[in-house]
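Here's the structure we're looking at; comments come further down.
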Amino acid sequence: SIFLQKILQFKKGYGISMGSKKGCFIVFEGIDGSGKSTQISLLQEHIQEHSINCMTTMEPSNGPIGTLLRQFLSGRIKGEETTLTALFAADRLDHLNNPVNGICKLLDDGIAVLSDRYVFSNYAYQSVSVPLEWIMKCNEMANEIVRPDCHIFIDVSPETAMERVTRGRHQTDIYETKERLTDVRDRYLDLIHRMEDVENIIIVDGNRSPQEISDDIWAKVCHYFV
């Protein structure tokens, strides 16, 4: 299938891009409300305790395209899904390549980078209404530029996620509904199943205490830093 062909292309490019960077690149994935931000902060503390420079970032980024995307997500600007898909892919390229604080520059400088979302988010969220093959095509360039050392997927139920989202925020974005998050979680799990032999994916139970989750994550990634 075309999907399997894409996976083989990913596998072919994996070793090339991995060998070209100095810093460690770890991506956190999960539905909204899964606790990614908390775990990124805790992992950064662990890494810095070992005298390793570590930066955190997110997608949508804080760049010009990412700023525009946040207005779409808040509902302030209306847009259909193919437009959002293309904007996410464009923001990702700027996030990687911009010469000020782009991911590639940080990695080349030997800095560990923790990102809240990357290509899997684009796949999982937009494939609810846009063909996955087209989304993957939009992200081919990003995958050729750099691949994460690992993806950490924090898995929580949509019910738990919605409880956290509504409790912790004054305003939700256009994707933060139980129905949408259920669809997105299903797509995440399907993607992980399809790509577990190609990408380094760590699945973490997000229904525990933040400290238990943090200890679990550190045990699985500490070999990159110690």
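All values below were derived from every heavy atom in this structure, side-chain atoms included, with hydrogens, water molecules and symmetry-related copies excluded.
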**Asked** Would Asp173 and Glu176 satisfy side-chain contact (heavy atoms from CB on, under 4.5 Å), going step by step from the backbone distance to the final call?
**Response** CA-CA 5 Å; Asp173 74 30; Glu176 291 174 340; 3.3 Å; yes
**Asked** Could you go step by step and tell me if Ile174 and Leu84 meet the side-chain contact (heavy atoms from CB on, under 4.5 Å) rule?
**Response** CA-CA 12 Å; Ile174 59 174; Leu84 289 175; 4.2 Å; yes
**Fill in**
Asn101 meets the side chain to side chain contact (heavy atoms under 4.5 Å, CB included) criterion, sequence neighbours left out, with Asn98
**Item:** Test item: Ser214 side-chain N/O and Pro210 main-chain N/O as donor-acceptor pair under 3.5 Å
**Value:** no
**Residue pairs involving residues 199-226 (criterion ring-ring contact (aromatic ring centres under 6.0 Å, His included); sequence neighbours excluded)** = His46-Trp218, His50-Trp218
**From Leu106 atom CG to Ile111 atom CD1, the distance as rounded to the nearest 0.5 Å** = 5.0 Å
**Request:** Report the C-alpha distance between Gln211 and Ser209 in whole Å, list the side-chain angles of each, state the deciding distance to 0.1 Å, and finish with yes or no for side-chain hydrogen bond (donor to acceptor under 3.5 Å, both in side chains).
**Result:** CA-CA 5 Å; Gln211 191 58 54; Ser209 72; over 6 Å; no
**Message:** Looking at every heavy atom in both Ser127 and Ile135, which two are closest together, and how far apart are they?
**Reply:** N-CD1, 3.4 Å
**Any Glu29 side-chain heavy atom under 4.5 Å of Ser121 side chain** = yes
**Asked** If every non-hydrogen atom of Gly110 is compared with every non-hydrogen atom of Lys22, which pair is closest and at what distance?
**Response** CA-CB, 4.1 Å
**Asked** Going from CD1 on Ile152 to CD1 on Ile217, what distance comes out if it is rounded to the nearest 0.5 angstrom?
**Response** 5.0 Å
**Complete:** Partner of Tyr118 under ring pair (Phe, Tyr, Trp, His ring centres under 6.0 Å), picked from Phe28, Tyr123, Phe25, Phe153, is Phe25
**Asked** Between Glu81 and Tyr125, do the side chains contain an N or O donor and an N or O acceptor separated by less than 3.5 Å?
**Response** no
**Complete:** Between Cys138 and Ala89, the two heavy atoms sitting closest are O-CB, 3.7 Å
**Item:** Reported CD1-to-CG distance for the pair Ile203 and Asp216, which is rounded to 0.5 angstrom
**Value:** 11.5 Å
**Item:** Minimal non-hydrogen separation, Asp94 against Gly63, with atom names
**Value:** OD2-CA, 4.3 Å
**Request:** Treat each ILVMFWY residue as a node, draw an edge where side-chain heavy atoms are under 4.5 Å apart, and state whether Val156 and Ile40 are in one component.
**Result:** no
**Listed once per pair and sorted, the ring-ring contact (aromatic ring centres under 6.0 Å, His included) pairs that draw on residues 66-111, sequence neighbours left out** = none
**Item:** Pair Cys54-Leu114, side-chain contact (heavy atoms from CB on, under 4.5 Å): steps then yes or no
**Value:** CA-CA 7 Å; Cys54 178; Leu114 309 180; 3.7 Å; yes
**Request:** Report whether Met58 and Leu107 are members of the same hydrophobic cluster (ILVMFWY, side-chain heavy atoms less than 4.5 Å apart, transitive linking).
**Result:** no
**Message:** Using side-chain hydrogen bond (donor to acceptor under 3.5 Å, both in side chains), reason through Glu80 and Thr83 one step at a time and then give a plain yes or no.
**Reply:** CA-CA 6 Å; Glu80 48 81 42; Thr83 300; 2.4 Å; yes
**Message:** In the structure I gave you, are the side-chain heavy atoms of Leu189 and Arg185 within less than 4.5 Å of one another anywhere?
**Reply:** yes
**Asked** Where do Asn122 and Thr85 come nearest, in terms of heavy atoms and distance?
**Response** OD1-O, 3.9 Å
**Complete:** In this structure, CD1 of Ile154 is separated from CD1 of Ile213 (nearest 0.5 Å) by 6.5 Å
**Asked** Mind checking whether Leu43 and Val204 sit in one hydrophobic cluster, side chains of I, L, V, M, F, W, Y counted as touching below 4.5 Å?
**Response** yes
**Fill in**
Between Asp91 and Gly66, the two heavy atoms sitting closest are OD1-N, 3.1 Å
**Message:** Test side-chain contact (heavy atoms from CB on, under 4.5 Å) on Asn200 and Asp149; report intermediate values, then the result.
**Reply:** CA-CA 7 Å; Asn200 183 13; Asp149 289 272; 5.8 Å; no
**Prompt:** If Ile, Leu, Val, Met, Phe, Trp and Tyr residues are connected whenever their side-chain heavy atoms lie under 4.5 Å apart, and connections chain through other members, are Ile202 and Leu42 in the same group?
**Reply:** no
**Asked** CD1 of Ile26 to NZ of Lys220: how many Å apart, nearest 0.5 Å?
**Response** 13.0 Å
**Request:** Under the side chain to side chain contact (heavy atoms under 4.5 Å, CB included) rule, collect the residues that match up with Thr67, sequence neighbours excluded.
**Result:** none
**Request:** Scan for salt bridge (Lys or Arg N to Asp or Glu O under 4.0 Å) pairs involving residues 65-78, sequence neighbours excluded, and state none if there are none.
**Result:** none
**Message:** Between Ser34 (side chain only) and Ile31 (backbone N and O only), is there a donor and an acceptor less than 3.5 Å apart?
**Reply:** yes
**Separation between CG of Leu191 and CG of Asp186, rounded to the nearest 0.5 Å** = 11.0 Å
**Asked** Does one hydrophobic cluster hold both Val146 and Val221, with members joined at side-chain heavy-atom distances below 4.5 Å?
**Response** no
**Qualifying salt bridge (Lys or Arg N to Asp or Glu O under 4.0 Å) pairs, either residue in residues 30-49, two or more places apart** = Asp32-Arg117, Lys36-Asp116
